**Student:** 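Mind looking over this structure? Questions follow.
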Amino acid sequence: MSRLGNLGARLYRGEVGYDFIGNRMIWYGVSVLITITAIVGLAVSGLNMGIEFKGGAVFTTDEKPKISVSQAHESAVEASGHEAIVQGLGDGNMRIQITEVDTATANAVKTQLSDDLGIPESKINADLVGPSWGEQIANKAWTGLGIFMVLVVVYLAIAFEWRMAIAALVALIHDITITVGVYALVGFEVTPGTVIGLLTILGYSLYDTVVVFDSLKESTVGITRQTRWTYSEIANRSINGTLVRSINTTVVALLPVAGLLFIGGGVLGAGMLNDISLSLFVGLAAGAYSSIFIATPLVADLKERDPQMKALKKRILAKRAAAAAKGEDGEDDDRDNEREPGAGTPETAGAVVGQRERPRGQGRTPGNRR
């Protein structure tokens with residue numbers, strides 16, 4: 001078995017682990033700090049909305065211009081009076097995007113570009129984009145996001161419980177806020193591809209969260225019938241048990257997205273890839289973080305407020321205190337007479353919370369050996 005696989009097995013059995021729940025206030029603080037930074041960046045810098053949302057004109061040349069991209073950018077800004085985005089295409093042609101220009105201004109800009117680029121005006125294609133189309137896209141995106149959030153809360157409340165639904169919702173809002181804040185700080189253009197990327201990351205974020213929640217649900221069946229572990233301790237075991245799986249799936253998902261962002265957009269200069277790849281990259285990373293450090297610790301916090309969990313924790317702490325006074329560990333005395341939480345039968349208990357394995361030969365039906 002590989003070293004990573006061996007680590008995953010030890011985490012699953014509870015032999016090693018990190019106290020995510022015990023250190024949850026640190027992660028809460030880190031998330032609050034990141035979220036505040038994202039909100040401040042959004043308030044100060046704002047989003048660089050693309051032409052699809054603000055309206056404008058896109059000029060594409062059918063002939064290679066006689067000036068460089070930087071010179072074409074200066075010409076477009078001077079001719080229009082607005083900021084312009086100039087991209088060099090693979091065949092040597094250029095794509096010039098200017099926001100917030102009307103038809104009359106677009107015609108004047110086209111004439112000026114023809115002179116500055118050194119190509120006939122007939123070799124420049126102009127496409128006008130109205131802001132109403134982008135507004136419709138934005139409204140539909142917000143509607144889709146709202147419907148998605150409602151369905152997520154309803155599903156998790158039915159499949160798991162309302163506390164997990166609330167925690168998942170908080171994690172999703174956390175991921176969206178961070179992703180949008182990064183867009184504001186970096187200044188990347190927001191296009192319909194960005195909206196698609198934002199809607200896509202919600203599924204990835206929810207996937208990791210549900211994996212941990214499912215493990216937690218199985219591990220806490222019959223939790224009140226034992227006095228060995230509190231809800232928070234079992235939640236921490238669930239996180240550690242799925243930690244390697246979450247890391248593996250996140251890394252595998254991030255690698256191709258990183259290729260789009262850093263190689264496609266950075267090295268090859270395909271700027272149109274930045275809009276969707278940045279949202280996917282940041283969203284995937286934030287989703288993996290929130291499922292481990294935000295969602296599950298928040299569920300544990302909410303669950304520990306339940307009267308039954310409070311009473312269970314009180315019994316466990318009292319038992320441990322009494323055992324400590326006697327010099328015992330407080331666990332061995334009830335290993336054989338209490339089922340583990342989440343265990344359907346005594347034989348399967350160890351697979352959930354790390355119970356000692358049954359000695360070989362125990363439980364066999366007496367009889368003659370062949």
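What you see is a predicted model, and the numbers here were worked out from it, not measured in a lab.
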**Student:** Give a yes or no on whether the backbone of I124 and the side-chain of T61 come within a donor-acceptor separation of less than 3.5 Å.
**Tutor:**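 Between the backbone of I124 and the side chain of T61 there is no qualifying donor-acceptor contact (under 3.5 Å).
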**Student:** Given the rule that I, L, V, M, F, W and Y join up when any side-chain heavy atoms are under 4.5 Å apart, are L278 and L255 in one cluster?
**Tutor:** yes
**Student:** Can you check whether L202's main-chain N or O pairs, donor with acceptor, with S205's side chain at less than 3.5 Å?
**Tutor:** no
**Student:** If you compare all heavy atoms of F281 against all heavy atoms of L254, which two are closest, and at what distance to 0.1 Å?
**Tutor:**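 Closest approach of F281 to L254, heavy atoms only: O-CD2, 3.6 Å.
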**Student:** Do T224 and M309 have side chains that get closer than 4.5 Å, going by heavy atoms?
**Tutor:**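 Touching, per the 4.5 Å side-chain cut-off.
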**Student:** Is there a side-chain contact between L117 and I96 (heavy atoms, below 4.5 Å)?
**Tutor:** yes
**Student:** Kindly indicate whether the side chain of Y231, heavy atoms from C-beta on, has any atom under 4.5 Å from the side chain of I234.
**Tutor:**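 A side-chain contact under 4.5 Å is absent here.
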**Student:** What closest approach, in Å, do V58 and R95 show between heavy atoms, and which atom pair accounts for it?
**Tutor:** CG1-NE, 3.7 Å
**Student:** Looking at T35, is its backbone amide N or carbonyl O close enough to the side chain of H174 to form a donor-acceptor pair, meaning the two atoms are under 3.5 Å apart?
**Tutor:** no
**Student:** Between A300 and S232, what is the shortest heavy-atom contact and its length?
**Tutor:**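 So the two residues come closest at CB-OG, 3.8 Å.
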**Student:** Heavy-atom count around E78 CD within 6.0 Å, excluding the residue itself: above 12?
**Tutor:**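 At most 12 heavy atoms, drawn from other residues, nucleotides or ligands, come within 6.0 Å of this atom.
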**Student:** Do N107 and T111 make a side-chain contact, defined as non-hydrogen atoms from C-beta onward lying under 4.5 Å apart?
**Tutor:** no
**Student:** Please check this pair: side chain of Y28 against backbone of L298, looking for a donor-acceptor N/O pair closer than 3.5 Å.
**Tutor:** yes
**Student:** In this structure, would L169 and W142 fall into the same cluster of hydrophobic residues linked by side-chain contacts under 4.5 Å?
**Tutor:**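 In one cluster: yes.
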**Student:** Taking NZ in K123 as the centre, count heavy atoms belonging to other residues, nucleotides or ligands within less than 6.0 Å. Is the count above 12?
**Tutor:**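 Open: at most 12 neighbouring heavy atoms sit under 6.0 Å from NZ of K123.
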**Student:** Does S75 reach the main-chain N or O of Q71 with its side chain, forming a donor-acceptor pair under 3.5 Å?
**Tutor:** no
**Student:** Check whether any side-chain heavy atom of L156 sits under 4.5 Å from a side-chain heavy atom of V210, and report yes or no.
**Tutor:**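 Touching, per the 4.5 Å side-chain cut-off.
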**Student:** Taking atom OG1 of T242 and atom CG of N248, what is their separation to the nearest 0.5 Å?
**Tutor:**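 It comes to 11.5 Å.
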**Student:** Does V30 reach the side chain of Y289, with side-chain heavy atoms less than 4.5 Å apart?
**Tutor:** yes
**Student:** Just to verify, which of R315, K303, E304 counts as forming a side chain to side chain contact (heavy atoms under 4.5 Å, CB included) with T230?
**Tutor:** E304
**Student:** Of the non-hydrogen atoms in L206 and A168, which two are nearest, and what is the gap between them?
**Tutor:** CD1-CB, 4.3 Å
**Student:** Tell me which one of L47, I39, T194 satisfies side chain to side chain contact (heavy atoms under 4.5 Å, CB included) with V180.
**Tutor:** L47
**Student:** Is E233 salt-bridged to R320, going by a charged N under 4.0 Å from an acidic O?
**Tutor:**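 Counted as a salt bridge, because a side-chain N and a carboxylate O are separated by less than 4.0 Å.
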**Student:** Tell me whether V154 shares a hydrophobic cluster with W162, the cluster being built from Ile, Leu, Val, Met, Phe, Trp, Tyr side chains joined at under 4.5 Å.
**Tutor:**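 As far as the 4.5 Å side-chain criterion goes, W162 and V154 are not connected within one cluster.
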**Student:** Using 0.5 Å steps for rounding, measure from the CG atom of D115 to the CG atom of L113.
**Tutor:** 9.0 Å
**Student:** Looking at side-chain heavy atoms only, is the closest gap between F148 and L172 below 4.5 Å?
**Tutor:**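 F148 reaches L172 side chain to side chain.
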**Student:** Walk me through it: do I176 and L145 pass the test side-chain contact (heavy atoms from CB on, under 4.5 Å)?
**Tutor:** CA-CA 10 Å; I176 294 175; L145 179 62; 3.7 Å; yes
**Student:** Does the side chain of S68 pick up a donor-acceptor pair with the side chain of S70 at under 3.5 Å?
**Tutor:**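 Yes, a side-chain donor-acceptor pair sits under 3.5 Å.
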**Student:** In Å and rounded to the nearest 0.5 Å, what is the CD to CE distance from E63 to M94?
**Tutor:**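 Answer for the CD-CE pair, E63 versus M94, is 12.0 Å.
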**Student:** Got a second to check how far E161's CD is from L216's CG, nearest 0.5 Å?
**Tutor:**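 Result: 8.0 Å between the selected atoms.
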**Student:** side-chain hydrogen bond (donor to acceptor under 3.5 Å, both in side chains) with R24: which of N236, T296, D301?
**Tutor:**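 Going through N236, T296, D301 one by one, the side-chain hydrogen bond (donor to acceptor under 3.5 Å, both in side chains) with R24 is satisfied by D301 alone.
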**Student:** Measure the OG1-CD1 distance between T209 and I294 for me, rounded to the nearest 0.5 Å.
**Tutor:** 10.5 Å
**Student:** Between S238 and V212 (side chain of the first, backbone of the second, donor and acceptor by atom type, cut-off under 3.5 Å), is there such a pair?
**Tutor:**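 Flag not set: sc S238 to bb V212 has no pair under 3.5 Å.
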**Student:** Write down the atom of A288, the atom of S291, and the distance for their closest heavy-atom approach.
**Tutor:**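 Taking every non-hydrogen atom into account, O-OG, 2.9 Å.
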**Student:** Do the side chain of N48 and the main chain of G187 share a donor and acceptor less than 3.5 angstrom apart?
**Tutor:** yes
**Student:** Is a side-chain donor or acceptor of T250 paired with a backbone partner of I247 at a separation under 3.5 angstrom?
**Tutor:**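 Checked: no pair found.
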**Student:** To the nearest 0.5 Å, what is the distance between OG1 on T60 and CG on D127?
**Tutor:**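 Going from the OG1 atom of T60 to the CG atom of D127 covers 6.5 Å.
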**Student:** Quick one: are T105 and I98 in side-chain contact, heavy atoms under 4.5 Å?
**Tutor:**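 T105 vs I98: side chains apart.
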**Student:** Looking only at non-hydrogen atoms, find the nearest pair between I292 and S246 and report the distance.
**Tutor:** CD1-CB, 4.3 Å
**Student:** May I ask whether I196 and L280 are part of the same hydrophobic cluster, defined by side-chain heavy atoms of I, L, V, M, F, W, Y residues being less than 4.5 angstrom apart, directly or through others?
**Tutor:**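 Result: yes, single cluster for both.
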**Student:** Under the side-chain contact (heavy atoms from CB on, under 4.5 Å) rule, what do D214 and F160 come out as? Steps first, then yes or no, please.
**Tutor:** CA-CA 8 Å; D214 187 61; F160 298 98; 4.2 Å; yes
**Student:** Does S31 use its side chain to pair, donor to acceptor, with the backbone of W27 at less than 3.5 Å?
**Tutor:** yes
**Student:** Can I201 be reached from L185 by stepping across I, L, V, M, F, W or Y side chains whose heavy atoms are under 4.5 Å apart?
**Tutor:** no
